[in-house]
Chemist: 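If you scroll down you'll find the structure; I have some questions about it.
Quick caveat: nothing in here was measured; it's all calculated off a predicted structure.
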Amino acid sequence: QLQASGGGLVQAGGSLRLSCAASGSRFSIYIMGWYRQAPGTQRELVATITTGGYTNYADSVKGRFTISRDNGKKMAYLQMNSLKPEDTAVYYCNAEAGSWSAWGQGTLVTVSS
């Protein structure tokens, strides 16, 4: 089970940090990811981080967003800096291990211009 938090309203250029709390004993083997879905669009990948700490980012967020994880706390994070209005979306955390996948409930990020 995943619980995302940290969304809110921020002005363009501002920052937010999203958190994803996971339950279960196998967190350290999960690939953790953040996805987002803006109104009228499909859910898209924002960033992923492997068990070994390798990261991958969507081109639109490279250099602005940073994904991280704390295996001891079973947490994943998304630090979002230099936010733009086009970053406005519901952000979802995701955990994957082989063919298994789970989604959090989503947290809304609104960036005003």
Side-chain angles (χ1 to χ4, degrees):
Q1 194 171 12
L2 303 175
Q3 183 76 30
S5 61
L9 174 64
V10 64
Q11 288 188 331
S15 298
L16 281 175
R17 188 193 196 203
L18 305 184
S19 299
C20 178
S23 59
S25 60
R26 306 184 70 191
F27 178 82
S28 62
I29 73 168
Y30 301 157
I31 296 173
M32 297 301 298
W34 287 96
Y35 293 73
R36 67 186 181 187
Q37 188 168 17
T41 69
Q42 291 187 331
R43 193 173 297 187
E44 63 175 3
L45 171 70
V46 176
T48 59
I49 184 167
T50 68
T51 57
Y54 291 100
T55 58
N56 180 56
Y57 296 93
D59 287 343
S60 59
V61 306
K62 282 181 181 176
R64 300 188 297 123
F65 291 11
T66 303
I67 188 171
S68 61
R69 65 191 294 162
D70 185 329
N71 290 338
K73 295 181 179 179
K74 299 180 184 178
M75 296 289 295
Y77 305 98
L78 185 68
Q79 178 66 43
M80 305 185 294
N81 299 328
S82 303
L83 282 160
K84 303 175 181 180
E86 51 263 44
D87 295 318
T88 295
V90 176
Y91 284 70
Y92 299 88
C93 63
N94 170 265
E96 286 189 5
S99 59
W100 175 87
S101 178
W103 292 92
Q105 86 286 6
T107 185
L108 176 63
V109 172
T110 303
V111 184
S112 63
S113 57

Chemist: Before you tell me yes or no, could you show the steps for Met75 and Cys20 under side chain to side chain contact (heavy atoms under 4.5 Å, CB included), namely the whole-Å CA-CA distance, both residues' side-chain angles and the distance that decides it to 0.1 Å?
Modeler: CA-CA 5 Å; Met75 296 289 295; Cys20 178; over 6 Å; no
Chemist: State whether Trp103 and Arg43 meet the cation-pi test: NZ (Lys) or CZ (Arg) under 6.0 Å from the six-membered ring centroid, and within 45° of the perpendicular axis.
Modeler: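 Yes, Arg43 lies over the aromatic ring of Trp103.
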Chemist: Check whether any side-chain heavy atom of Met32 sits under 4.5 Å from a side-chain heavy atom of Phe27, and report yes or no.
Modeler: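 Met32 vs Phe27: side chains touch.
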Chemist: Once side chain to side chain donor-acceptor pair (under 3.5 Å) is applied, do any residues pair with Asn71, and if so which ones, sequence neighbours excluded?
Modeler: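 For Asn71 the side chain to side chain donor-acceptor pair (under 3.5 Å) partners, ignoring immediate neighbours, are Arg69.
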Chemist: Can you name the side chain to side chain donor-acceptor pair (under 3.5 Å) partners of Glu44, sequence neighbours left out?
Modeler: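 Per chain and number, Glu44 pairs via side chain to side chain donor-acceptor pair (under 3.5 Å) with Arg36.
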Chemist: Just verifying a value: how many Å separate Tyr54 OH and Ile31 CD1, rounded to the nearest 0.5 Å?
Modeler: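 Between Tyr54 OH and Ile31 CD1, I get 13.0 Å after rounding to 0.5 Å.
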Chemist: Answer yes or no: is there a side-chain heavy-atom contact under 4.5 Å between Leu78 and Thr66?
Modeler: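 No, every pair of side-chain atoms sits at 4.5 Å or beyond.
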Chemist: According to the interplanar angle, ranging from 0 to 90°, do the rings of Tyr91 and Phe65 count as parallel (below 30°), tilted (30 to 60°) or perpendicular (above 60°)?
Modeler: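 Answer is tilted, since the angle falls between 30° and 60°.
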Chemist: Salt-bridged, Asp87 to Lys84, with N to O below 4.0 Å?
Modeler: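 So Asp87 does not pair with Lys84 through a salt bridge.
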Chemist: With Ser82, which residues qualify under side chain to side chain donor-acceptor pair (under 3.5 Å), at least two apart?
Modeler: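 Counting only residues at least two positions away or on another chain, Ser82 forms no side chain to side chain donor-acceptor pair (under 3.5 Å).
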Chemist: Can you list the steps and then say if Glu96 with Tyr30 is a side chain to side chain contact (heavy atoms under 4.5 Å, CB included)?
Modeler: CA-CA 5 Å; Glu96 286 189 5; Tyr30 301 157; over 6 Å; no
Chemist: Within the structure provided, determine whether Asn94 and Ser101 are in side-chain contact (heavy-atom separation under 4.5 Å).
Modeler: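 Side chain of Asn94 against side chain of Ser101, heavy atoms only: contact under 4.5 Å found.
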Chemist: Counting distance only, does the side-chain N/O of Gln105 pair as donor-acceptor with the main-chain N or O of Ala4 below 3.5 Å?
Modeler: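 Checking the backbone N and O of Ala4 against the side chain of Gln105, a donor-acceptor pair under 3.5 Å is found.
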Chemist: Work out which heavy atom in Ser113 is nearest to a heavy atom in Ala12; give both atom names and the distance.
Modeler: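 The pair with the smallest heavy-atom distance is CA-CB, 4.3 Å.
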Chemist: Provide the closest heavy-atom pair for Leu9 versus Ser112 in the form atom of the first, atom of the second, distance.
Modeler: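 Heavy atoms only, the tightest pair is CD1-CB, 4.3 Å.
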Chemist: With Leu83, which of Val61, Thr110, Leu16 fulfils side-chain contact (heavy atoms from CB on, under 4.5 Å)?
Modeler: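 Per the side-chain contact (heavy atoms from CB on, under 4.5 Å) rule, the option paired with Leu83 is Leu16, out of Val61, Thr110, Leu16.
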Chemist: The test is side chain to side chain contact (heavy atoms under 4.5 Å, CB included); show your working for Gln79 and Ser68 and say whether it passes.
Modeler: CA-CA 8 Å; Gln79 178 66 43; Ser68 61; over 6 Å; no
Chemist: Working to the nearest 0.5 angstrom, can you tell me the gap between Ser23 OG and Gln1 CD?
Modeler: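 These two atoms lie 5.0 Å from each other.
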Chemist: With rounding to the nearest 0.5 Å, note down the distance linking CH2 in Trp34 to CE in Met80.
Modeler: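 With rounding to 0.5 Å, CH2 (Trp34) is 8.0 Å from CE (Met80).
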Chemist: Does the side chain of Cys93 reach to within under 4.5 Å of the side chain of Leu2, using non-hydrogen atoms?
Modeler: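 Side-chain contact under 4.5 Å: yes.
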Chemist: Can you measure from CD1 (Ile49) to OH (Tyr77) and round to the nearest 0.5 angstrom?
Modeler: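 It is 11.5 Å, given to the nearest 0.5 Å.
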Chemist: Between Thr51 (side chain only) and Ile29 (backbone N and O only), is there a donor and an acceptor less than 3.5 Å apart?
Modeler: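 No, because the side chain of Thr51 does not come within donor-acceptor range (under 3.5 Å) of the backbone of Ile29.
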Chemist: Within the 4.5 Å heavy-atom criterion, are Val109 and Thr88 side-chain neighbours or not?
Modeler: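 They are not in side-chain contact.
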Chemist: Considering only heavy atoms from C-beta outward, does the side chain of Thr55 approach that of Thr50 to under 4.5 Å?
Modeler: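 No, too far: nothing below the 4.5 Å cut-off.
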